[in-house]
Amino acid sequence: QVQLVESGGGLVQAGGSLRLSCAASEGTFSTYAMGWFRQAPGKEREFVAAINWSGDSTYCADSVKGRFTISRDNAKNTVYLQMDSLKPEDTAIYYCAAEHLGSGSWWPQRYNYWGQGTQVTVSS
């Protein structure tokens, strides 16, 4: 069982930045691809970004491309989401997820474990 704990959310003005972190309890963290998803009130959960086990392959949703960056530190069992140029439409609960032996998928059903989420609110 892998436990994922997100942190770093909060309230920020439009145009600002936040850095989300997701710490994993699993010692074999490097066997998991990692993803970030978000869910706004009244909307379905949507893909944000994913990264493979080694960190040398990443991709982001078109809605955040050029503004968000996903990275990981396997020595710290942590994945990050750097969010710049934030917009009010980025307001959501952000979740990290782990995909065992995966390559990083946009499809939520591919992920084995999920964190509890962290709230990000962007004011206009």
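All values below come from the heavy atoms of this structure, side chains included, with hydrogens, waters and symmetry mates left out.
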Report task. Determine, using the 4.5 Å side-chain heavy-atom cutoff (strictly less than), whether I93 and Y111 are members of one ILVMFWY cluster. Result -> yes

Query raised in the report: Hey, is CH2 on W106 packed in by over 12 heavy atoms from elsewhere, all under 6.0 Å?
Result: no

Query raised in the report: Counting only heavy atoms not in K65, do more than 12 sit closer than 6.0 Å to its NZ atom?
Result: yes

Report task. Check whether any side-chain heavy atom of L81 lies under 4.5 Å from a side-chain heavy atom of T69, and answer yes or no. Result -> no

Query raised in the report: Any side-chain heavy-atom pair from K87 and R67 closer than 4.5 angstrom?
Result: yes

**Report entry** Student check: side-chain heavy atoms of D90 and M83 closer than 4.5 Å
**Finding:** no

Query raised in the report: Which pairs with one or both residues in residues 32-124 pass disulfide bond (SG atoms under 2.5 Å apart), sequence neighbours excluded?
Result: C22-C96

**Report entry** Side chain proximity check, Y95 to Q39, heavy atoms < 4.5 angstrom
**Finding:** yes

Side-chain donor-acceptor pairs of residues 117-124 under 3.5 Å, sequence neighbours excluded:
{"residue": "T118", "atom": "OG1", "partner": "G9", "partner atom": "N", "Å": "3.3"}
{"residue": "Q119", "atom": "NE2", "partner": "A92", "partner atom": "O", "Å": "3.4"}
{"residue": "Q119", "atom": "NE2", "partner": "T121", "partner atom": "OG1", "Å": "3.3"}

Query raised in the report: S30: what forms a side chain to side chain contact (heavy atoms under 4.5 Å, CB included) with it, not counting sequence neighbours?
Result: W53, N74

Query raised in the report: Mind checking whether S17 and Q82 have side chains closer than 4.5 Å, heavy atoms only?
Result: yes

Query raised in the report: Which atom pair, heavy atoms only, marks the closest approach of I70 to M34?
Result: CD1-O, 4.0 Å

**Report entry** Pairing residues for R45 by the salt bridge (Lys or Arg N to Asp or Glu O under 4.0 Å) criterion, not counting sequence neighbours
**Finding:** none

Query - E6 and W36: CA distance, side-chain angles, deciding distance, side-chain contact (heavy atoms from CB on, under 4.5 Å) verdict - result: CA-CA 10 Å; E6 301 97 336; W36 284 98; 3.9 Å; yes

Query raised in the report: Nearest heavy-atom pair of S54 and D56: which atoms, and what distance?
Result: OG-OD1, 2.7 Å

Requested in this report: Return each pair, listed once, that meets ring-ring contact (aromatic ring centres under 6.0 Å, His included) where at least one residue sits in residues 62-92; pairs must be two or more places apart or across chains.
Outcome: none

Query - Under 3.5 Å: donor-acceptor pair, side chain of N112, backbone of H100 - result: yes

Query raised in the report: Would a distance-only check, ignoring hydrogens and angles, find a side-chain to backbone donor-acceptor pair under 3.5 Å from E99 to G104?
Result: yes

Query raised in the report: Would you say the side chain of R72 lies within less than 4.5 Å of the side chain of F29, judging by non-hydrogen atoms?
Result: yes

Query raised in the report: Linking I/L/V/M/F/W/Y whenever their side-chain heavy atoms sit closer than 4.5 Å, directly or via other members, would Y113 and W107 fall into one cluster?
Result: no

Query - side chain to side chain contact (heavy atoms under 4.5 Å, CB included) against S103, all qualifying residues, sequence neighbours excluded - result: none

Requested in this report: Hey, could you give me the CD1/OG distance between I51 and S57, rounded to the nearest 0.5 Å?
Outcome: 8.5 Å

Query raised in the report: More than 12 heavy atoms of other residues, nucleotides or ligands under 6.0 Å from CD of E89: is that the case?
Result: yes

Query raised in the report: Taking atom OH of Y32 and atom CG of N77, what is their separation to the nearest 0.5 Å?
Result: 11.0 Å

Report summary line: OG1 (T78) and CG (L20) are apart, to the nearest 0.5 Å, by 12.5 Å

Requested in this report: Look at the rings of F37 and F47 and say which category their plane angle falls in: under 30° parallel, 30 to 60° tilted, over 60° perpendicular.
Outcome: perpendicular

